[in-house]
J.: 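One structure is given below, represented as structure tokens, and several questions about it will come after.
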Amino acid sequence: MDEQIKQIAERLHGLRDALELSSEDIARSCDISAEEYRLAESGNHDISISMLQKIARKYDIALDALMFGEEPKMSSYFLTRAGTGTSIERTKAYKYQSLAAGFINRSADPFIVTVEPKADSEPLHFNSHSGQEFNLVIEGRMLVSIDGKDLILNEGDSLFFNSKLPHGMKALDGKTVRFLAVIM
């Protein structure tokens with residue numbers, strides 16, 4: 001995990017240098033705190049997908065370029081075989097597997113997300129980002145909290161929501177959860 005986060009941090013720094021912007025400029029234009037951005041660029045702290053997506057959308061670059069260091073090239077179709085999507089483990093308890101990393105100019109970012117169980121005392125981490133999000137539970141049960149409303153999702157359940165609202169999730173029953181997340 002540490003090496004992947006350091007690589008993302010290097011790409012963030014490279015983007016900022018290429019655009020000749022300060023960290024405060026990027027933070028302000030992407031509606032994130034300057035401290036949050038500085039921590040992300042340091043490579044020593046977790047970097048949220050929502051922050052990367054805000055930066056990618058604002059500066060019209062592929063989310064994959066920030067996450068994986070690869071530019072998508074396909075425009076007709078992109079096939080992802082089971083278990084082969086480009087993945088990033090942001091923390092030991094949270095893994096994203098991209099299902100469309102090679103498709104250029106896509107209007108949605110689909111991921112298989114794996115969430116490992118945490119202690120009940122561990123607080124939810126909330127984030128928000130522009131657009132909408134769709135989640136479909138493939139395996140396990142999870143708690144999703146959206147703007148103060150707690151929902152339990154079981155295998156096969158799905159949820160579509162305004163992702164500008166603060167939201168977070170947690171694996172339940174001490175078991176790993178896998179779900180499809182489509183961020184639009």
Side-chain angles (χ1 to χ4, degrees), residues 1-75 78 80 85-115 124-135 144-147 160-169 179-184:
M1 172 202 63
D2 293 336
E3 186 58 33
Q4 290 177 327
I5 288 176
K6 288 183 188 313
Q7 291 173 0
I8 293 171
E10 288 173 11
R11 289 189 284 274
L12 286 172
H13 182 76
L15 173 66
R16 186 171 59 78
D17 279 354
L19 296 173
E20 298 180 347
L21 297 171
S22 70
S23 56
E24 290 80 12
D25 292 335
I26 288 185
R28 185 174 32 260
S29 69
C30 295
D31 196 28
I32 55 179
S33 77
E35 179 64 13
E36 181 183 12
Y37 181 80
R38 275 193 291 277
L39 288 172
E41 201 175 282
S42 77
N44 296 318
H45 295 275
D46 191 22
I47 303 169
S48 73
I49 297 298
S50 60
M51 180 199 311
L52 293 175
Q53 189 177 51
K54 285 178 183 180
I55 294 168
R57 285 181 177 172
K58 174 65 182 174
Y59 296 104
D60 196 28
I61 62 169
L63 177 61
D64 306 12
L66 291 177
M67 289 180 67
F68 310 117
E70 299 174 8
E71 289 285 339
K73 296 172 179 56
M74 303 302 291
S75 61
F78 183 78
T80 302
T86 307
S87 67
I88 182 168
E89 189 173 321
R90 289 186 25 246
T91 70
K92 290 190 186 311
Y94 215 65
K95 178 182 173 185
Y96 282 87
Q97 180 183 15
S98 177
L99 300 178
F103 196 86
I104 195 166
N105 297 325
R106 62 185 178 269
S107 56
D109 292 301
F111 299 96
I112 295 292
V113 181
T114 303
V115 181
L124 284 178
H125 172 74
F126 288 90
N127 65 57
S128 61
H129 47 89
S130 62
Q132 300 166 332
E133 187 168 331
F134 172 78
N135 296 160
V144 178
S145 184
I146 302 172
D147 201 27
F160 194 95
F161 61 95
N162 176 351
S163 54
K164 290 178 186 174
L165 299 172
H167 58 280
M169 86 275 296
F179 66 97
L180 170 68
V182 181
I183 301 170
M184 299 155 269

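This one's a predicted model, so the numbers in the text were calculated from it and none came from an experiment.
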J.: How long is the span from the CD1 atom in I5 to the CD1 atom in I8, to the nearest 0.5 Å?
T.: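 Here the rounded value is 6.5 Å.
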J.: With sequence neighbours left out, write down each residue that passes side chain to side chain contact (heavy atoms under 4.5 Å, CB included) with F126, or none if nothing qualifies.
T.: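 F126 satisfies side chain to side chain contact (heavy atoms under 4.5 Å, CB included) with L124, S145, P166 only.
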J.: Looking at CE of M51 and CG of D31, how far apart are the two atoms once the value is rounded to the nearest 0.5 Å?
T.: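 It is 12.0 Å, given to the nearest 0.5 Å.
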J.: Please find the pair of heavy atoms, one from A101 and one from R106, that lie closest to each other, and give the distance.
T.: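 Minimum heavy-atom separation between A101 and R106: O-NH1, 3.9 Å.
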J.: Residues in side chain to side chain contact (heavy atoms under 4.5 Å, CB included) with N44, at least two apart?
T.: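 With sequence neighbours excluded, N44 shows a side chain to side chain contact (heavy atoms under 4.5 Å, CB included) to K6, S42, given in chain and number order.
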J.: Could you tell me if the side chain of M184 sits less than 4.5 Å from the side chain of E133, heavy atoms only?
T.: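 Side-chain contact under 4.5 Å: no.
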J.: I'd like to check the side chain to side chain donor-acceptor pair (under 3.5 Å) partners of D25; sequence neighbours left out, ordered by chain and number.
T.: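 D25: side chain to side chain donor-acceptor pair (under 3.5 Å) contacts with S22, R28.
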J.: Roughly how far, to the nearest 0.5 Å, is the CG atom of D60 from the CD1 atom of I55?
T.: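 Between I55 CD1 and D60 CG, I get 14.0 Å after rounding to 0.5 Å.
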J.: Among all residues two or more places apart in sequence or in another chain, which pass the salt bridge (charged side-chain N to carboxylate O under 4.0 Å, His left out) test with E24?
T.: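 E24: salt bridge (charged side-chain N to carboxylate O under 4.0 Å, His left out) contacts with R38.
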J.: Just do the side chain to side chain contact (heavy atoms under 4.5 Å, CB included) check on K164 and S128 with the steps written out, would you?
T.: CA-CA 5 Å; K164 290 178 186 174; S128 61; 5.5 Å; no
J.: Residues two or more places apart in sequence or in another chain: which of them pass side chain to side chain donor-acceptor pair (under 3.5 Å) with S130?
T.: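 Partners of S130 by the side chain to side chain donor-acceptor pair (under 3.5 Å) criterion, ordered by chain and then number, come out as R57.
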J.: For a quick test of reading the model, state the closest non-hydrogen atom pair linking Y37 to S23 and the distance between them.
T.: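 Taking every non-hydrogen atom into account, CD2-CB, 3.4 Å.
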J.: Contact between H129 and S163 at the side-chain level, heavy atoms closer than 4.5 Å - yes or no?
T.: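 With C-beta onward as the side chain, the pair touches.
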J.: Are V115 and F179 packed together at the side-chain level, in the sense that at least one heavy-atom pair is separated by less than 4.5 angstrom?
T.: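 In contact.
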J.: Partners of L19 by side chain to side chain contact (heavy atoms under 4.5 Å, CB included), sequence neighbours excluded?
T.: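 Per chain and number, L19 pairs via side chain to side chain contact (heavy atoms under 4.5 Å, CB included) with L15, L21, Y59.
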J.: May I ask you to test the K54-I32 pair for a side-chain heavy-atom distance under 4.5 Å?
T.: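 Contact flag for K54/I32 side chains = yes.
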J.: Please confirm whether the ring centroid of H125 lies under 6.0 Å from the ring centroid of H167.
T.: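 Ring-ring flag for H125/H167: false, centres at least 6.0 Å apart.
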J.: Once side chain to side chain donor-acceptor pair (under 3.5 Å) is applied, do any residues pair with T80, and if so which ones, sequence neighbours excluded?
T.: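 Testing T80 for side chain to side chain donor-acceptor pair (under 3.5 Å), a comparison that skips the adjacent residues, returns none.
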J.: Are the side chains of F161 and D147 in touch, meaning some heavy atoms are under 4.5 Å apart?
T.: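 In short, these two side chains do not touch, never coming nearer than 4.5 Å.
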J.: Answer yes or no: is there a side-chain heavy-atom contact under 4.5 Å between L63 and F68?
T.: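 L63 vs F68: side chains apart.
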J.: Once you round to the nearest 0.5 Å, how far does CG of D109 lie from CD of Q53?
T.: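 If we round to the nearest 0.5 Å, D109:CG and Q53:CD are 5.5 Å apart.
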J.: State the CD-CD1 distance between Q4 and I47, to the nearest 0.5 angstrom.
T.: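 Those atoms lie 10.5 Å apart.
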J.: Please collect all salt bridge (charged side-chain N to carboxylate O under 4.0 Å, His left out) contacts where either partner lies in residues 13-22, sequence neighbours excluded, each pair once.
T.: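 Every salt bridge (charged side-chain N to carboxylate O under 4.0 Å, His left out) pair that includes a residue of residues 13-22, provided the two are not neighbours, is R16-E41.
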J.: With a 4.5 Å cut-off on side-chain heavy atoms, are L180 and N135 touching?
T.: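 No; the side chains remain at least 4.5 Å from each other.
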J.: Return the set of residues passing ring pair (Phe, Tyr, Trp, His ring centres under 6.0 Å) with F111 (not counting sequence neighbours), or none when no residue passes.
T.: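 Here the qualifying residues are Y96.
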J.: Which pair of heavy atoms, one from M67 and one from R11, lies closest together, and at what distance?
T.: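 Closest approach of M67 to R11, heavy atoms only: O-NH2, 2.7 Å.
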J.: Could you give the distance from CG (L12) to CG (L52), rounded to the nearest 0.5 Å?
T.: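 Reported value, rounded in 0.5 Å steps: 6.0 Å.
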J.: Suppose we screen for side chain to side chain contact (heavy atoms under 4.5 Å, CB included). Which residues come up paired with A62, at least two apart in sequence or across chains?
T.: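 With sequence neighbours excluded, A62 shows a side chain to side chain contact (heavy atoms under 4.5 Å, CB included) to A65, E71, P72, given in chain and number order.
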